[in-house]
Amino acid sequence: MIKESCVETIEQINHAIKNGANRIELCDNLSVGGTTPSYGMVKIATELCHQNDVQVAVMIRPRGGDFNYDYFEYEVMRQDIIQLKTLNVDAFVFGCLDENEQLDEWKMDALKETCGDTHAVCHMAFDLINPYIQLKSLDWLIDHGFERLLTHGGPSDQSVFDNVFHLGKLLMHSKGNITIMPGGGLNKDNLQTLLNDIPFDEVHGTKIV
């Protein structure tokens, strides 16, 4: 099982490596849900992690708040990916929604193409999509080559354990064509409770290790 630790400092990276994280999701500004970290931070983090056989997924998000980005914000995201993929990161994590809180397919596809051979991951912006069309959105992510979906399985104000049924529904629908990675409220103390219900292959959290 892959444990992905969400971090924003070198100290947190070292802690994650020491305590058995298999991957880090590197962010800045976790107080607003995470934004794109600096070039220098990504460079040092990638070097530290790869020396210890730990993967690095980098958050691409120009600001906190909603996920409906205008053209200039989208271009910031695209340019960040172009620059940061030269550092040999393992994945980029992003999510774009339109004014109706559905996948902004044009921006998502364009950013995915910009990633090139680097894996693309859709983050918890997905959880804001109407549950009745989430399976269609999941199919779109699969069809466009996204590697993983990071999801809380429901609204952020609900416990991840209240969302187990929907997480299982996403997992069954994916048929192994995209990794469903639960996160949001998971930690090293309650992780086994979730795994007893559904044996996920990958899990995510700020305190997962």
Side-chain angles (χ1 to χ4, degrees), residues 1-34 37 45-46 48-59 61 89-95 119-129 131 134-135 137-139 141-142 146-209:
M1 181 182 62
I2 293 177
K3 295 180 181 180
E4 179 178 280
S5 182
C6 185
V7 304
E8 63 179 340
T9 68
I10 296 296
E11 181 181 7
Q12 291 168 350
I13 291 169
N14 286 328
H15 174 84
I17 292 172
K18 180 180 179 181
N19 288 278
N22 310 98
R23 183 194 301 129
I24 67 160
E25 182 192 64
L26 184 64
C27 306
D28 198 6
N29 297 310
L30 281 176
S31 62
V32 298
T46 302
L48 281 173
C49 288
H50 285 179
Q51 288 170 7
N52 291 277
D53 296 319
V54 174
Q55 298 178 5
V56 180
V58 177
M59 173 69 78
R61 188 180 177 205
V89 302
D90 299 288
F92 291 111
V93 185
F94 53 88
H119 288 161
V121 180
C122 181
H123 61 42
M124 291 182 186
F126 183 90
D127 296 334
L128 298 179
I129 298 171
Q134 281 189 0
L135 296 186
S137 299
L138 183 61
D139 287 337
L141 293 173
I142 292 169
F146 280 74
E147 178 75 10
R148 290 189 296 281
L149 169 63
L150 170 60
T151 175
H152 187 62
S156 60
D157 59 354
Q158 292 181 357
S159 166
V160 67
F161 297 100
D162 293 332
N163 301 330
V164 169
F165 177 80
H166 192 64
L167 286 168
K169 186 176 180 180
L170 293 171
L171 184 63
M172 291 289 291
H173 189 81
S174 72
K175 298 179 181 178
N177 293 311
I178 187 172
T179 298
I180 305 298
M181 181 171 62
L186 282 179
N187 57 55
K188 63 181 184 295
D189 297 320
N190 64 22
L191 174 59
Q192 192 58 49
T193 301
L194 178 69
L195 297 179
N196 288 341
D197 289 327
I198 303 176
F200 287 98
D201 293 328
E202 303 189 14
V203 291
H204 168 100
T206 57
K207 298 178 181 179
I208 205 71
V209 294

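Computation of the quantities below employed the complete heavy-atom set of this structure, encompassing side-chain atoms and omitting hydrogens, waters and symmetry-equivalent molecules.
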Throw together a table of side-chain donor-acceptor distances under 3.5 angstrom for residues 175-188, partners on residues two or more places apart or in other chains.
{"unit_1": "Asn177", "atom_1": "ND2", "unit_2": "Ser174", "atom_2": "O", "d": "3.3"}
{"unit_1": "Asn187", "atom_1": "OD1", "unit_2": "Asp189", "atom_2": "N", "d": "2.8"}
{"unit_1": "Asn187", "atom_1": "OD1", "unit_2": "Asn190", "atom_2": "N", "d": "2.9"}

Q | Heavy-atom side-chain contact between Glu25 and Leu150 under 4.5 Å | A | yes
Q: Give a yes or no answer on whether the side chain of Asp90 reaches the backbone of Ala57 with a donor-acceptor pair at less than 3.5 Å.
A: no
(Q) Test of understanding: with side chain to side chain donor-acceptor pair (under 3.5 Å), list the residues that count as partners of Asn19, not counting sequence neighbours. (A) His15
(Q) According to side chain to side chain donor-acceptor pair (under 3.5 Å), does anything in residues 158-170 pair up with another residue at least two apart or in another chain? List the pairs. (A) Gln134-His166
Q: Identify, with sequence neighbours excluded, every residue that meets ring pair (Phe, Tyr, Trp, His ring centres under 6.0 Å) alongside Phe126.
A: none
Q | Qualifying residues under side-chain contact (heavy atoms from CB on, under 4.5 Å), relative to Gln192, sequence neighbours excluded | A | Leu195, Asn196
Q) Ala21 and Val54: which non-hydrogen atoms are nearest, and at how many Å? A) O-CG2, 3.5 Å
Q) Distance from Asn52 atom CG to Asn22 atom CG, nearest 0.5 Å? A) 12.0 Å
**Q.** Between CG on residue Asn29 and CE on residue Met59, distance to nearest 0.5 Å
**A.** 11.0 Å
**Q.** Set of side chain to side chain donor-acceptor pair (under 3.5 Å) partners for Thr151, sequence neighbours left out
**A.** Asp127
(Q) Which residues pass the side-chain contact (heavy atoms from CB on, under 4.5 Å) test with Asp197, not counting sequence neighbours? (A) Val164
(Q) Among residues at least two apart in sequence or on other chains, which ones pass ring pair (Phe, Tyr, Trp, His ring centres under 6.0 Å) with Phe92? (A) none
Q: Check side-chain contact (heavy atoms from CB on, under 4.5 Å) between Thr46 and all other residues, then give those that pass, not counting sequence neighbours.
A: Val42, His50, Val56, Val89
Q: Please list, chain by chain and in numerical order, all residues satisfying side-chain contact (heavy atoms from CB on, under 4.5 Å) with Ile10, sequence neighbours excluded.
A: Ile13, Asn14, Met41, Ile44, Leu48
**Q.** salt bridge (Lys or Arg N to Asp or Glu O under 4.0 Å) involving Glu8 - partner list, sequence neighbours excluded
**A.** none
Using residues 199-209 as the side-chain source, report each donor-acceptor pair under 3.5 Å to any protein atom, sequence neighbours left out, with the distance given to one decimal.
{"unit_1": "Glu202", "atom_1": "OE1", "unit_2": "Arg23", "atom_2": "NH1", "d": "3.1"}
{"unit_1": "Glu202", "atom_1": "OE1", "unit_2": "Arg23", "atom_2": "NH2", "d": "3.1"}
{"unit_1": "His204", "atom_1": "ND1", "unit_2": "Glu4", "atom_2": "OE2", "d": "2.6"}

Q. Does a side-chain heavy-atom distance below 4.5 Å link His173 with Asp139?
A. yes
Q. So how far is it from Ser5 OG to Gln12 CD, rounded to the nearest 0.5 Å?
A. 7.5 Å
Q: Taking all non-hydrogen atoms of both residues into account, name the closest pair between Ile24 and Ala16 and its distance.
A: CG2-CB, 4.2 Å
